[in-house]
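Report on the structure given below.
Numbers for residues simply follow the sequence, beginning at 1. As the structure is a prediction and not an experimental result, all values here were calculated from the model.
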Amino acid sequence: MTRTGNLKESEARFNEVVTSSTNGVLIVDLDGTLIRANAAIGHILERTADELTGVPLFDLVEPGFAEMLSEAMDELAAGTTDRVRQSQRLRRKDGEVARVTLAASLLRGANDEPSHFVVVVEDGTELELLQNELKRQSLHDPLTGLPNRQFFTTQLEIALRKGDPEHGITVFHLDLDAFGMLRDSFGGRVVERMLQHVTQRLKALLADEKVMIARFGGDEFGVLVENTATTPPIDTIMKGINEDLMLEPTYVDGHGLAVSVSAGVVHRPGGEVEPLDVLRSAERALRRAKRGRRGQWELFHAGQDAEERRDDALAVEMPSAWENGEITVRYRPVVELASGAVSGVEAAMHWERPESEALGHDRCAALAEQTGLILPLGEWMLRVAGGQSVWWRQRGQFERALALRLTAHQSADADLVTRVVRVLDQVGLAPGQLMISVPGSVLPMADAADNVAVLARMGVLTAVDDFGLGPLDFGLLAADLPVQAVRVARGLVASRSQYVAALLPLLREQGVSVAVDGIDSAELAAWWRDAGADFATGDHFSGALPAGDFLENLPPR
């Protein structure tokens, strides 16, 4: 067949197949020259069909991709494959690249000899743009436009491997203080505006650094700084952030709002560290920072991290230990300092760990507080100790008040009063035979203050722990909250705080008794007795003992 005959045949086939096709279609000679092109391929490559006719196909392919297509076309011509499909990059008239999916088949003539190639081109540019946009959205926070935690983690991994070995990187895990109060007071719109404001201020404050700022979710942000010789110290960065956000409030709906930021910081982690470990370390440091005042930051230390990991492991083990009976309730006497008489009994948790050191009440309570186990565990402890107190009373063995200390979580528990009422009814203990104390730090919380007030109205004796660590309002303690006693913070007891001692007469005037814990010597007991404290606990009198041993060690009445 002549070349003219081949051309007519190809035209007939071309017109039949591709006139209405939205995909680009090319008829290509065996030597790779374009014979015909439809309008669709012209739109894809921004060339007319006439401009494409006579052009070698491989001249349209982006350098570096032509060889892959040439080899595939050779296989088609040789009959070793029936069809080729591959992602390709074709060059537009303006020099830009069109990302396409290209499918090629071999056309044969009447004698079944190879005649031409037909190449179908599907434009993937818009699809790729859509996919890229979806990917961008999946890696960015829609409210602030910042990268999200997933994207941050990926970039952190790169920075760890390729960072400047001399200066390293610094990772900040930031948390807005009192965010819940802001949300509850002003609502979602104001919160969103505040988060956007914080985003813009962080960008401006760190504009001179090679930095990535991400929003982890809620009120938490991540900052990755690739340090240089001119990068400011961590304390300078944190001071700048807090001064900017606190001293220059943003106005939303007429409200002038300011926030402080707490942070956990990991400085110059080794390149061999996994990014998730770095983020966990920063989060742990943040937790430590938020235990103190607002606007604080904590630097991660490997030793602290190892200790917290041990604590986490213990906290996870605690429920099974409780179920297995390893956790029990013990009792220690509350002693009247003036007379030396036992005036009450305090219940304490004790974890007897097989082949490990036993843990006392403070450690047990702190571990249970981490996981929320403290709520059911605390109710169980009240039931056991309350039942024991009733048992002693029925036999005339011990009729003094039972004291229990609550954690912050317990104190603010919405079901605290219900739990106490339920247990008192179950064991038969009268409200006036129970004293419950709460940490002083929870008194500003409405839920905790309400719990204390309701329990007091029921007749339960109430007390406040950790006295001396904060500016407690004695008028509030005596009037608004009917508190019968305060317990001086243990560290201030050991140091014989003159500040606290000076306040004791004021408390007595308010009708509030004072207890001291951690008394480990007769000398310390005498000092606090002379200072005006009323009651004491500590190893000088007795440690926490099982119920039977507690009675055996009581002094004669």
Side-chain angles (χ1 to χ4, degrees), residues 131-163 168-180 182-183 188 191-207 209-227 231 234 237-238 241-242 245 259-291 295-300 302 304-305 308-309 312 316 370-371:
Q131 290 173 335
N132 288 342
E133 176 60 18
L134 291 173
K135 181 179 180 181
R136 190 198 71 78
Q137 291 180 12
S138 71
L139 296 175
H140 287 73
D141 170 50
L143 176 65
T144 62
L146 293 175
N148 61 16
R149 189 184 188 102
Q150 180 182 350
F151 193 8
F152 187 89
T153 303
T154 301
Q155 295 303 114
L156 174 58
E157 182 172 16
I158 295 171
L160 284 168
R161 305 296 179 258
K162 299 182 179 179
I169 66 172
T170 303
V171 175
F172 297 76
H173 188 154
L174 306 178
D175 183 89
L176 305 187
D177 296 321
F179 184 74
L182 180 70
R183 182 188 58 240
V191 164
E192 290 180 354
R193 291 285 298 277
M194 175 57 76
L195 291 171
Q196 292 168 340
H197 170 71
V198 171
T199 296
Q200 296 307 315
R201 296 314 305 153
L202 289 176
K203 287 180 177 180
L205 292 165
L206 298 169
E209 303 300 323
K210 187 177 181 182
V211 64
M212 168 179 272
I213 304 170
R215 183 185 176 201
F216 286 172
D219 61 335
E220 298 182 23
F221 293 81
V223 177
L224 166 61
V225 179
E226 297 186 44
N227 299 318
T231 299
I234 297 168
I237 292 175
M238 288 303 305
I241 291 173
N242 273 314
L245 293 175
V259 292
S260 60
V261 174
S262 298
V265 185
V266 179
H267 184 55
R268 300 190 63 182
E272 73 285 350
V273 180
E274 292 298 322
L276 290 179
D277 290 333
V278 174
L279 293 176
R280 276 194 289 264
S281 299
E283 186 174 5
R284 290 175 185 276
L286 172 63
R287 272 190 265 160
R288 289 197 297 271
K290 291 185 75 68
R291 291 174 189 163
Q296 304 300 299
W297 63 274
E298 280 282 341
L299 187 65
F300 163 77
Q304 288 177 316
D305 185 59
E308 288 190 357
R309 285 176 182 270
D312 287 349
V316 171
Q370 289 184 33
T371 62

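Contact annotation: the side chain of L176 approaches that of L195 to within less than 4.5 Å [non-hydrogen atoms, C-beta and beyond]. Side-chain contact between I234 and F172: present, with at least one pair of heavy atoms (C-beta onward) separated by less than 4.5 Å. Here the side chains of M212 and L156 are not in contact, with every heavy-atom distance at 4.5 Å or above. Between V261 and D175 the shortest side-chain heavy-atom distance does not fall below 4.5 Å. L286 is listed as a side-chain neighbour of K290, based on a closest heavy-atom distance under 4.5 Å.
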Test side-chain hydrogen bond (donor to acceptor under 3.5 Å, both in side chains) applied to N242 and S260, step by step: CA-CA 5 Å; N242 273 314; S260 60; 4.8 Å; no

Residue pair K210, T231: steps toward the side chain to side chain contact (heavy atoms under 4.5 Å, CB included) verdict: CA-CA 9 Å; K210 187 177 181 182; T231 299; over 6 Å; no

Verdict with supporting geometry, H140 and N148, side chain to side chain contact (heavy atoms under 4.5 Å, CB included): CA-CA 5 Å; H140 287 73; N148 61 16; 5.9 Å; no

Side chain to side chain contact (heavy atoms under 4.5 Å, CB included) assessment of H197 paired with V259: CA-CA 11 Å; H197 170 71; V259 292; over 6 Å; no

Pair L279-F216, side chain to side chain contact (heavy atoms under 4.5 Å, CB included): steps then yes or no: CA-CA 11 Å; L279 293 176; F216 286 172; 4.1 Å; yes

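R149 contributes atom CZ, which lies 13.5 Å from atom CG of D141 (distance to the nearest 0.5 angstrom). The structure places CD of E274 at 8.5 Å from CG of L160, a figure rounded to the nearest 0.5 Å. In this structure, the separation between CG on L224 and CG on L206 is 11.0 Å, given to the nearest 0.5 Å. The structure places CD of E157 at 10.5 Å from NZ of K162, a figure rounded to the nearest 0.5 Å. Between atom CG of residue L174 and atom CZ of residue R215 there is a gap of 13.0 Å, rounded to the nearest 0.5 Å. To the nearest 0.5 angstrom, Q296 atom CD is 9.0 Å from D177 atom CG.
Scanning all heavy atoms of the two residues, the minimum distance from S262 to G295 falls at OG-N, 3.5 Å. In terms of heavy-atom proximity, A285 sits nearest to E298 at O-CB, 3.3 Å. Minimum interatomic distance between W297 and V265 (heavy atoms only, all atoms of both residues): CE3-CG2, 4.0 Å. V278 and P269 make their closest contact through CG2-CB, 4.1 Å (heavy atoms, listed as atom of the first residue, atom of the second, distance).
Scanning for side-chain contact (heavy atoms from CB on, under 4.5 Å) contacts around K203 gives L146, T199, Q200, I213, with sequence neighbours left out.
Salt-bridge annotation for D312 and R280: absent, with no side-chain N of the basic residue lying under 4.0 Å from a carboxylate O of the acidic one.
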